[in-house]
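Report on one structure; see the data block that follows.
The sequence lines fix the lettering, A, B, ..., with proteins before strands; numbering per chain opens at 1. These numbers come from a predicted model, not from an experiment.
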Amino acid sequence: MSRSEDSATASLADQLALDIQKVVAASFARGEITGEAPAVITLERPKNRDHGDYATSIALQLAKAAGKNPRDIATILQAAIASIAGVTKVDIAGPGFINITLDRASQAELVRTILTAKNAYGRGNALAGVKVNLEFISANPTGPLHLGHTRWAAVGDALGRVLSAAGAEVTREFYINDRGRQMDLFGQSVQAAALGNPIPEDGYQGEYIKDLAKAVLIANPGITATEDFREAAYQVQLAEQQRVLETFHTTFDVWFSERSLHESGAVEHGVDKLRSQGHVFDVDGAVWLRTTDFGDDKDRVIIKADGDLTYFASDTAYYINKRERGFDICIYMLGADHHGYIQRLKATAACAGDNPEYNIDVLIGQLVKIMEGGEEVKLSKRAGTIITLEELVEKVGVDAARYTLIRYPVDTPMVMDIDVLRRNTNENPVYYVQYAHARIAAVLRNTAELRISANLESFDPSQLTHDRENELLGALSDFPRIVASAAEFREPHRVARYLEELAGVYHGFYADCRVLPLGDEPIAAIHSARAALCAATMQVLANGLDLLGVSAPERM
RNA sequence: GCGCCUGUAGCUCAGUCGGAUAGAGCAACCGCCUUCUAAGCGGUAGGUCGCAGGUUCGAUUCCUGCCAGGCGCGCCA
């Protein structure tokens, strides 16, 4: 990543890595180490506190090419690393790890960085200038949003925020499947319900169809044609989806209608474009795309022998349309039952002359199971036992629902236990994190009352030398790279896990480091330094929760 | 049959440029509120990282094969 070049935002760790790189390069220049100098030095934060603030395994990596023992390499570098500004100790451990301990006061300068940057702390420029189209949910407008959609509503929205934080220009898009057989069945079902006829065999059976029928009749008295029912019900259902998503704090920039794709001639345009790239052919009266040129199992039909367009035709046209609207990266978030689409979508991109490794990114979300009252709630569309987004929110609230859905990687199936999410204990991680935020808010209310300054004017970093303070500073310093990696890997759950870690570290600090003076103890520099550290922590918790679309309460 | 995902503590799960003694929460057990929010903190116990090979200084992580579970393979949408 290119962040390290930017000295204004370079963290202590980035700076240290650059300094070590110079030290290593100098050693190569003097011929003390032979082989090739590494292009970049990676630092890790050791799990064990005894291993210093940062560690690098560079000596182990260089040993073989240099024909030396890794510990000898480490010894060669030791003194020079120790002379880097801010480094207080360099130890060689185990097979040749170099463990580096930094001056605590210089680490505490981070508080200044955070309180100055405020809600910009954590933002980066790894994706600066990149236009991203983020498509998620894309439900049929033929019914309420259910549990599977809800996972994407939470994760997709959070990913959008994370990508923006990494500097990308993000457009969130919802593709409305408002065309084809499902829509017709939908229209017929609503019509039948409105007229009191039996709903067609393969139609929509859910209870909500009756409600839709009622709403449609009230708004359009005298309506009779199937088409009119379809259109009226479509508008009501779409508006309903939009309303529910709003309550879930998930927003879209573009609601893209599949119909508009056909009406605008985008499908023909897409076929032409693919044909001009040489990947379209005709067999048995149908028009095909040779996706097998790019790893798909079989070629795909775009236009059927009877002249109708396949669903795949819309997909290809839509992709090409996105690219022509100027998006560099098109991210698709699809359900587990669509994993067969990855190959053909990537092949489509390749057929269009794009780089399938860069221009298109398909994420597959696995299923969500629901537990309630100790047993799994069986979900079946046919039996009408689907759980809707709205019902989930009624049961557990927006924050708990969003947070829980986001904190797991999407490619693993997950289980939501409704009973746990209703509990206000730290079995429920969202409360654990929010509580840390509220707890700090309470502490800062108290410091303000005692006129203890949490301001930077009076901030003295040399006060923060306690192990707990140092640990907290270390956790705060991780935030920017967590955000960057969440964006890079499209994994917003990393932010949630990080927040749990940070909250835990804060709670530990709180237990051992008193912020307010005890009894008639006079107010001293330590109190205000700790107050500033609390304020910095609160800022990072708030920034992180904001990336997840979860509230950061001041009182609980 | 082919393809995608998963297999880590009793349970739910973290753990990506391969790194040191594999982590968290819950459940179990033992402690900590006459001064900041106990929705919290500290401690004990709990593991053949599905199995078997391979790659190397080093593998839960990368590769191959196998076993188990979930999902999907239409000129349907």
Base, sugar-phosphate, or nothing for Arg497(A), non-hydrogen atoms under 4.0 angstrom?
sugar-phosphate

Taking the inter-plane angle between the rings of His507(A) and Tyr432(A) on a 0 to 90° scale, is it parallel (under 30°), tilted (30 to 60°) or perpendicular (over 60°)?
perpendicular

With a cut-off of less than 4.0 Å, is there a side-chain N or O of Arg468(A) near OP1 or OP2 of rG42(B)?
yes

Please report the distance separating the C1' of rG74(B) from the corresponding atom of rU56(B), rounded so that it comes out in whole Å.
48 Å

Phosphate oxygens OP1/OP2 of rG74(B): is one of them under 4.0 Å from a side-chain N or O of Lys304(A)?
no

Nearest-angstrom distance from the residue atom CZ of Arg407(A) to C1' of rU12(B):
8 Å

If only side-chain N and O atoms of Tyr510(A) are considered, is one of them under 4.0 Å from the OP1 or OP2 phosphate oxygen of rC32(B)?
no

Select base, sugar-phosphate, or nothing to describe what Arg344(A) touches, counting heavy atoms under 4.0 Å on all strands.
nothing

Distance test, side-chain N/O of His493(A) to OP1/OP2 of rG15(B), below 4.0 Å
yes

Any side-chain N or O of Asn446(A) under 4.0 Å from OP1/OP2 of rU35(B)?
no

Does the side-chain ring of Phe97(A) sit on the six-membered ring of the rA20(B) base, less than 5.5 Å centre to centre and under 30° in tilt?
yes

Can you check the distance between rG25(B) and rA20(B), where both ends of the measurement are the C1' atom (answer in whole Å)?
26 Å

Which ranges of RNA chain B pair up as stems, where a stem means three or more consecutive Watson-Crick or G-U pairs with both distances under 3.5 Å?
B:1-7 with B:67-73, B:10-13 with B:23-26, B:28-32 with B:40-44, B:50-54 with B:62-66

Heavy atoms under 4.0 Å, any strand shown: does Gly94(A) hit a base, just sugar-phosphate, or nothing?
nothing

Between atom CD1 in Ile364(A) and atom C1' in rU6(B), what is the gap in whole Å?
15 Å

CG of Asn140(A) versus P of rC76(B): gap in Å, rounded?
17 Å

Centroid separation Phe294(A) to His279(A) less than 6.0 Å:
yes

Identify whether any heavy atom of Met183(A) sits under 4.0 Å from a base atom; if not, whether one sits that close to sugar-phosphate; answer base, sugar-phosphate or nothing.
nothing

Measure from the ring centre of His338(A) to the centre of the six-membered ring in the base of rG72(B), then say whether that distance is under 5.5 Å and the planes meet at under 30°.
no

Looking for any heavy atom pair under 4.0 Å, which part of the strands does Glu491(A) touch: base, sugar-phosphate only, or nothing?
base

Tell me: NE2 of His507(A) to C1' of rG25(B), nearest whole Å?
13 Å

Assign Gly285(A) to base, sugar-phosphate, or nothing according to its heavy-atom contacts below 4.0 angstrom with the strands shown.
nothing

May I ask you to say what Pro409(A) touches in the nucleic acid, namely base, sugar-phosphate or nothing, with a heavy-atom cut-off under 4.0 Å?
sugar-phosphate

Any side-chain heavy atom of Arg230(A) within less than 4.5 Å of one from Met183(A)?
yes

Is the terminal nitrogen or CZ of Arg45(A) (NZ for Lys, CZ for Arg) located under 6.0 angstrom from the six-membered ring centre of Tyr54(A) and within 45° of that ring's axis?
yes

Validation row, ring centre Phe174(A) to ring centre Trp255(A) under 6.0 Å:
yes

Classify the side-chain pair Tyr318(A)/Glu258(A) by whether it contains a donor and acceptor separated by less than 3.5 Å.
no

Euclidean distance, atom CD of residue Gln182(A) to atom P of rC76(B) [Å, nearest integer]:
13 Å

Using a cut-off of strictly less than 4.0 Å, decide whether Thr412(A) has a side-chain nitrogen or oxygen near OP1 or OP2 of rA14(B).
yes

Among side-chain atoms of Thr292(A) and Asp299(A), is any donor-acceptor pair under 3.5 angstrom?
yes

Measure from NZ on Lys346(A) to P on rC4(B) and round the result to the nearest Å.
13 Å

First of Trp288(A) and Gln343(A) reached from the 5' end of RNA chain B, by closest nucleotide:
Gln343(A)

Is Asp315(A) touching bases, backbone alone, or none of the nucleic acid, heavy atoms closer than 4.0 Å?
nothing

Could you tell me whether a side-chain N or O of Gln241(A) sits under 3.5 Å from a main-chain N or O of Asn140(A), the two making a donor and an acceptor?
yes

Is there a donor-acceptor pair closer than 3.5 Å between any side-chain N or O of Ser257(A) and the backbone N or O of Ile176(A)?
no

What does Glu521(A) touch in the nucleic acid at a heavy-atom separation under 4.0 angstrom: a base, only the sugar-phosphate, or nothing?
nothing

